[in-house]
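Reckoned from all heavy atoms, side chains included, excluding hydrogens, waters and symmetry mates.
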Amino acid sequence: MSYLKIENLNAFYGKAQALSNLSVSVGQGEIIAIVGANGAGKSTLLDAVMGMVRTTGSVEFDGAELKRHNTAFAVKQGIGYAPERFNLFPYMSVRDNLMVGAYTARDEIEKNLEQVYSLFPRLAEREEQETATQSGGERQMVSLGRALMTSPRLLLVDEPTIGLAPKVCLEIADALRRMRDDFGLTVVITEQNANFALTLAERLYVLEAGRVQTHGTAAELSQDDRLSAAYFGTH
């Protein structure tokens, strides 16, 4: 049974259609990657799950229909979102930014903080630092941590490696695996860096112009010569 089931999804910004008849299925405990070039519709897909854009079709999470509801409803259902644009408060401390995510899980603040700091010890060391003075990698950690403060069961992460050094990308990948393995989260990421996605995700969906071009396991897609040349930088 699908944990997150998206069927025949269309998404619109005004009159412009950003997603067309898109279907994605995610099983509980999986790490899934949505891969595509800039403008393919990856961020729009995550925004649609969170109720942030106008859509038609169906979006179900753990049996609950999300499409008719707003972002607050999605968060209360157990969906955390770490957007590519961060949306951090630059002149607030790391800890205060994390606390912004705790409004729906006030009874679990200490447990969630402990999890965040175990994943990202650097944040514990610098919890009083303003995020405006942090590196891109550290801000990504704060964004992920803030999403974890909502006590999610499903975590959506938009472009977790964009602009980051390879060493930091490895840290982020390790943290995402731990979220699944140690904390029981289901994880969906979007990525332009398809090689990163292949090393992390069990299954991938490839988007082009708002449509699913193909999907399959990491092993299947990495062995497809045409896809490898187009998306994964190999021949």
With a 4.5 Å cut-off on side-chain heavy atoms, are [Y] and [X] touching?
X: Leu176; Y: Met179; value: yes
X: Gln77; Y: Leu66; value: yes
X: Leu144; Y: Ile172; value: yes
X: Leu154; Y: Ile79; value: yes
X: Arg178; Y: Ser118; value: yes
X: Ser25; Y: Tyr205; value: yes
X: Met141; Y: Arg126; value: no
X: Ser151; Y: Thr104; value: no

Does [X] belong to the same Ile/Leu/Val/Met/Phe/Trp/Tyr cluster as [Y], with side-chain heavy atoms less than 4.5 Å apart forming each link?
X: Phe12; Y: Leu9; answer: no
X: Met92; Y: Leu123; answer: no
X: Phe89; Y: Ile109; answer: no
X: Phe73; Y: Leu46; answer: yes
X: Val53; Y: Val157; answer: no

Donor-acceptor contact below 3.5 Å, side chain [X] vs main chain [Y]:
X: Asn8; Y: Gly57; answer: no
X: Gln140; Y: Pro160; answer: yes
X: Glu130; Y: Ala132; answer: no
X: Thr217; Y: Glu220; answer: yes
X: Glu30; Y: Gly27; answer: yes
X: Arg146; Y: Asn87; answer: yes
X: Glu159; Y: Gln192; answer: yes
X: Ser143; Y: Ala82; answer: no
X: Arg203; Y: His215; answer: no

Give the minimum heavy-atom separation between [X] and [Y], together with the two atoms involved.
X: Phe61; Y: Leu4; result: CB-CD1, 4.3 Å
X: Leu207; Y: Lys42; result: CD2-N, 4.0 Å
X: Thr55; Y: Lys67; result: OG1-CG, 3.2 Å
X: Val35; Y: Ala194; result: CG1-CB, 3.8 Å
X: Gly145; Y: Leu98; result: C-CD2, 3.5 Å
X: Val168; Y: Gly137; result: CG1-CA, 3.8 Å

(request) Evaluate the criterion side-chain contact (heavy atoms from CB on, under 4.5 Å) for residue pair Val142 and Gln134; output intermediate values, then yes/no. (result) CA-CA 10 Å; Val142 177; Gln134 292 188 300; 3.5 Å; yes
(message) Just by distance, no angles: are the side chains of Tyr81 and Thr150 close enough, under 3.5 Å, to form a donor-acceptor pair?
(response)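 Looking only at side-chain atoms, Thr150 and Tyr81 do not form any donor-acceptor pair under 3.5 Å.
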(message) Looking only at the side chains, is there a donor atom on one of Asn10 and Gln17 sitting less than 3.5 Å from an acceptor on the other?
(response)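 There is such a pair between these side chains.
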(message) If the test is side chain to side chain contact (heavy atoms under 4.5 Å, CB included), which one of Val24, Leu45, Val49 qualifies with Val59?
(response)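 The residue from Val24, Leu45, Val49 that satisfies side chain to side chain contact (heavy atoms under 4.5 Å, CB included) with Val59 turns out to be Val49.
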(request) Flag yes if more than 12 heavy atoms outside Lys76 fall under 6.0 Å of its NZ atom; otherwise flag no. (result) no
(message) Tell me if the CZ atom of Arg177 is crowded by more than 12 foreign heavy atoms within 6.0 Å.
(response) yes
(request) Identify the residue among Asp158, Asn38, Thr190 that makes a side chain to side chain donor-acceptor pair (under 3.5 Å) with Ser43. (result)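 When side chain to side chain donor-acceptor pair (under 3.5 Å) is applied between Ser43 and each of Asp158, Asn38, Thr190, only Asp158 qualifies.
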Point-to-point distance, once rounded to the nearest 0.5 Å, from [atom1] of [X] to [atom2] of [Y]:
X: Leu155; Y: Leu185; atom1: CG; atom2: CG; value: 6.0 Å
X: Thr186; Y: Leu156; atom1: OG1; atom2: CG; value: 10.5 Å
X: Ile32; Y: Leu200; atom1: CD1; atom2: CG; value: 10.0 Å
X: Glu108; Y: Glu114; atom1: CD; atom2: CD; value: 12.5 Å
X: Leu148; Y: Lys111; atom1: CG; atom2: NZ; value: 9.5 Å
X: Arg153; Y: Asp62; atom1: CZ; atom2: CG; value: 4.5 Å

(request) Any chance you could lay out the side-chain contact (heavy atoms from CB on, under 4.5 Å) test for Glu65 and Ser58, step after step, and finish with the verdict? (result) CA-CA 7 Å; Glu65 176 61 57; Ser58 176; 2.9 Å; yes
(request) Before giving the answer on side-chain contact (heavy atoms from CB on, under 4.5 Å), spell out for Val94 and Glu138 the whole-Å C-alpha distance, their side-chain angles and the decisive distance to 0.1 Å. (result) CA-CA 10 Å; Val94 166; Glu138 290 167 343; over 6 Å; no
